[in-house]
Student: 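Input: one structure, supplied below.
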Amino acid sequence: MIGVTGYKGRLGTELLKFGCVGLDLDITKLSSYNETLSEFETIIHCAAITDVDKCEKELYDKAYLVNDIGTKNLCNKFSGRIIYISTDYIFDGFTGKYGEHSIANPISVYGHTKLLGEERIKQRQHPNDVIVRTTILYGTPRHSDFVVRVIKELGLGYSVSLPCNLYGNPTYTHHLAEALMKLCEITNPPRIINIAGKEILSRYEFGLSIADIFGLDKSKIIPIRETPGEAMRPLKAGLKTNLAEKLGLPIYSVYDGLKAMRKQYE
C-alpha cells in the first residue's frame, strides 16, 4: 500500500486517482505519527511549502519547519520506503540542464529547504528510498497554476508578459503521478531520478504552446527578460530525463500534457 503526504496538493490529488492513500498527518509534529504508518510499504512524500516567493519572508520559518524538519520526522518515524518529491530549484540555473549527479547550489529559501529535505533522505540510507526531482507542475483540477493563469488572462483578452530567459520542463501533474506509480514497481531503483516533461522551454515559449493548444491569441503574449516575484529563480534550469526514459518511465511532451489538460477542460 502506498501512502501520500500532502495529498490535498497538486501532485497528491493526482496520486489518489491511482489508488494511493492520503495520510492525515502533520509531518512537523511528532505526536501526529502513529502505528498505522506500518501498514504502508511506501510513502510518496509530497508535503511541502512550495510558494517560492512567500518562502523568502512570510513563510520563511514554516518552509524550514515543513521541508526540512518535517522530512526528518518522517524519516525517523517511518521504516518503509520514502519517495521524496524535490525540484530543480535546488540548482542555481547557471549551467542547466541538470542531471541526477549535478552539483546543487540553491539561490532561494525554497530551493535551500528542499535540498535540506534531500539530505535527510540521503542520511537515512534506506536502500529503496528515491529522490525524485521535477518542475513546473500544471493541470490539476481546482488548483491554480501557470497554465490556468495564462488561459484566463488570454481568454479575457488581456496581454500576458512572460520571461523569455527563465527555463524549465513543464510537467503535467497526471503524467508525473503515472510515472511515480511505475517507479514504485522498479526493484533496486536509482537513489535520485529526474521525472519531468520532455522539453525544456522558456516561460514565453510555454505560453505560446498554451495559446496554440487552447486556441488563444499568441500575439497577446509579450516576451520580457524580467523574472517575477521576490525570490531569485534559477534561469537556465530544467532537468535531463534520460535516466527515466532508459528505465521505461513515461516521459511526455509538453503538447501531450496540454492536450490532456484541454480534454479535461472539455
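Residue numbers start at 1 and run along the sequence shown. Because the structure is a prediction, the values reported are computed rather than measured.
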Student: Mind checking whether Tyr204 and Pro163 have side chains closer than 4.5 Å, heavy atoms only?
Tutor: no

Student: Compare every heavy atom of Asn165 with every heavy atom of Arg225, then report the nearest pair and how far apart it is.
Tutor: O-ND2, 3.1 Å

Student: Could you walk me through whether Arg191 and Asp129 satisfy the salt bridge (charged side-chain N to carboxylate O under 4.0 Å, His left out) test, starting with their C-alpha distance in whole Å, then the side-chain angles of each, then the deciding distance to 0.1 Å, before giving a yes or no?
Tutor: CA-CA 6 Å; Arg191 301 293 286 166; Asp129 283 350; 5.2 Å; no

Student: I'd like to know if the side chain of Ser108 reaches the main chain of Gly111, judged simply by a donor and an acceptor atom lying under 3.5 Å from each other, with no hydrogens or angles considered.
Tutor: yes

Student: Of the options Ile192, Thr87, Asn194, Leu183, which is the one that meets Val132 in a side-chain contact (heavy atoms from CB on, under 4.5 Å)?
Tutor: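 In the set Ile192, Thr87, Asn194, Leu183, the residue that makes a side-chain contact (heavy atoms from CB on, under 4.5 Å) with Val132 is Leu183.
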
Student: So, do Val254 and Leu201 sit near enough that their side-chain heavy atoms are less than 4.5 Å apart?
Tutor: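 In contact.
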
Student: Looking at Thr241 and Ala244, would you say the former's side chain and the latter's main chain have a donor-acceptor pair under 3.5 Å?
Tutor: no

Student: Aromatic ring centroids of His112 and Tyr64 under 6.0 Å?
Tutor: yes

Student: Can any side-chain N or O of Arg262 pair as donor or acceptor with the backbone N or O of Phe214 at less than 3.5 Å?
Tutor: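 Flag not set: sc Arg262 to bb Phe214 has no pair under 3.5 Å.
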
Student: Answer yes or no: is there a donor N or O on one side and an acceptor on the other, between the side chain of Arg233 and the main chain of Ala231, under 3.5 Å?
Tutor: yes

Student: Examine the side chains of Tyr33 and Asn76 and answer whether a donor and an acceptor come within less than 3.5 Å of each other.
Tutor: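 No - no donor-acceptor pair under 3.5 Å links their side chains.
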
Student: Taking the side chain as every heavy atom from C-beta outward, state whether Tyr89 and Leu115 have any pair of such atoms under 4.5 Å apart.
Tutor: no

Student: With side-chain contact (heavy atoms from CB on, under 4.5 Å) as the test, would you mind laying out the steps for Asn67 and Leu116 before giving the verdict?
Tutor: CA-CA 7 Å; Asn67 298 350; Leu116 289 174; over 6 Å; no

Student: Any chance you could lay out the ring-ring contact (aromatic ring centres under 6.0 Å, His included) test for Tyr172 and Tyr252, step after step, and finish with the verdict?
Tutor: CA-CA 8 Å; Tyr172 184 52; Tyr252 292 93; 8.5 Å; no

Student: Would you say Tyr255 has more than 12 foreign heavy atoms packed within less than 6.0 Å of its OH?
Tutor: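 Buried by this count: over 12 neighbours within 6.0 Å.
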
Student: Hey, is the main chain of Ile251 close enough, under 3.5 Å, to the side chain of Glu245 for a donor-acceptor pair?
Tutor: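 Judged by distance alone, no pair lies under 3.5 Å.
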
Student: Assert yes or no for the condition that the ring centre distance of His45 to Phe78 is strictly below 6.0 Å.
Tutor: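 Aromatic pair excluded; centres sit 6.0 Å or further apart.
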
Student: Would one find more than 12 heavy atoms of other residues, nucleotides or ligands at under 6.0 Å from atom NZ of Lys152?
Tutor: no

Student: Any carboxylate oxygen within less than 4.0 angstrom of a Lys/Arg side-chain nitrogen, looking at Asp88 and Arg133?
Tutor: no

Student: Ignoring hydrogens and angles, tell me if any N or O in the side chain of Thr5 forms a donor-acceptor pair with the backbone of Ala47 under 3.5 Å.
Tutor: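 Checked: pair present.
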
Student: Count the heavy atoms of every other residue, nucleotide or ligand shown that sit under 6.0 Å from NZ of Lys54, and state whether that count exceeds 12.
Tutor: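 Counting other residues, nucleotides and ligands, NZ of Lys54 stays at 12 neighbours or fewer.
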
Student: Quick one: are Arg81 and Glu41 in side-chain contact, heavy atoms under 4.5 Å?
Tutor: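 Side chain of Arg81 against side chain of Glu41, heavy atoms only: no contact under 4.5 Å found.
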
Student: Is it the case that the side chain of Tyr84 and the backbone of Lys114 share a donor-acceptor pair, with hydrogens and angles ignored and the cut-off at 3.5 Å?
Tutor: yes

Student: Identify the heavy atoms of Ile136 and Arg203 that sit nearest to each other, and give their distance.
Tutor: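 Where Ile136 meets Arg203 most closely, the heavy atoms are CD1-NH1, 3.4 Å.
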
Student: If you compare all heavy atoms of Glu178 against all heavy atoms of Pro250, which two are closest, and at what distance to 0.1 Å?
Tutor: OE2-CG, 3.7 Å

Student: Quick one: do Thr227 and Leu235 satisfy side-chain contact (heavy atoms from CB on, under 4.5 Å)? Show the steps, please.
Tutor: CA-CA 9 Å; Thr227 55; Leu235 295 180; 3.5 Å; yes

Student: Hey, is the main chain of Ala196 close enough, under 3.5 Å, to the side chain of Thr171 for a donor-acceptor pair?
Tutor: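 Pair absent, no side-chain N/O of Thr171 close to backbone of Ala196.
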
Student: Tell me the closest heavy-atom pair linking Gly139 and Thr173, and the distance in Å.
Tutor: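 Taking every non-hydrogen atom into account, N-OG1, 4.3 Å.
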
Student: Contact between Cys184 and Ile83 at the side-chain level, heavy atoms closer than 4.5 Å - yes or no?
Tutor: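 Cys184 reaches Ile83 side chain to side chain.
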
Student: Stepwise, does the salt bridge (charged side-chain N to carboxylate O under 4.0 Å, His left out) test hold for Glu119 with Lys122?
Tutor: CA-CA 5 Å; Glu119 292 302 319; Lys122 291 176 182 177; 3.6 Å; yes

Student: When you measure from the side chain of His174 to the backbone of Gly257, do you find a donor-acceptor pair of N or O atoms at a distance under 3.5 Å?
Tutor: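 No: the side chain of His174 does not pair with the backbone of Gly257.
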
Student: Begin from the C-alpha positions of Ile103 and Phe91 and carry the test side-chain contact (heavy atoms from CB on, under 4.5 Å) through to its verdict.
Tutor: CA-CA 7 Å; Ile103 304 300; Phe91 300 111; over 6 Å; no

Student: Show the nearest heavy-atom pair for residues Ile107 and Pro234, with the distance to one decimal.
Tutor: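 Minimum heavy-atom contact is CD1-N, 3.8 Å.
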
Student: Heavy-atom distance under 4.5 Å between the side chains of Ile195 and Leu249, does that happen here?
Tutor: yes

Student: Looking at Tyr138, is its backbone amide N or carbonyl O close enough to the side chain of Asp145 to form a donor-acceptor pair, meaning the two atoms are under 3.5 Å apart?
Tutor: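 No, because the side chain of Asp145 does not come within donor-acceptor range (under 3.5 Å) of the backbone of Tyr138.
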
Student: Could you walk me through whether Lys97 and Leu239 satisfy the side-chain contact (heavy atoms from CB on, under 4.5 Å) test, starting with their C-alpha distance in whole Å, then the side-chain angles of each, then the deciding distance to 0.1 Å, before giving a yes or no?
Tutor: CA-CA 5 Å; Lys97 53 188 176 181; Leu239 299 166; over 6 Å; no

Student: Taking all non-hydrogen atoms of both residues into account, name the closest pair between Ala63 and Cys55 and its distance.
Tutor: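 Shortest heavy-atom separation between Ala63 and Cys55 comes out as CB-SG, 3.7 Å.
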
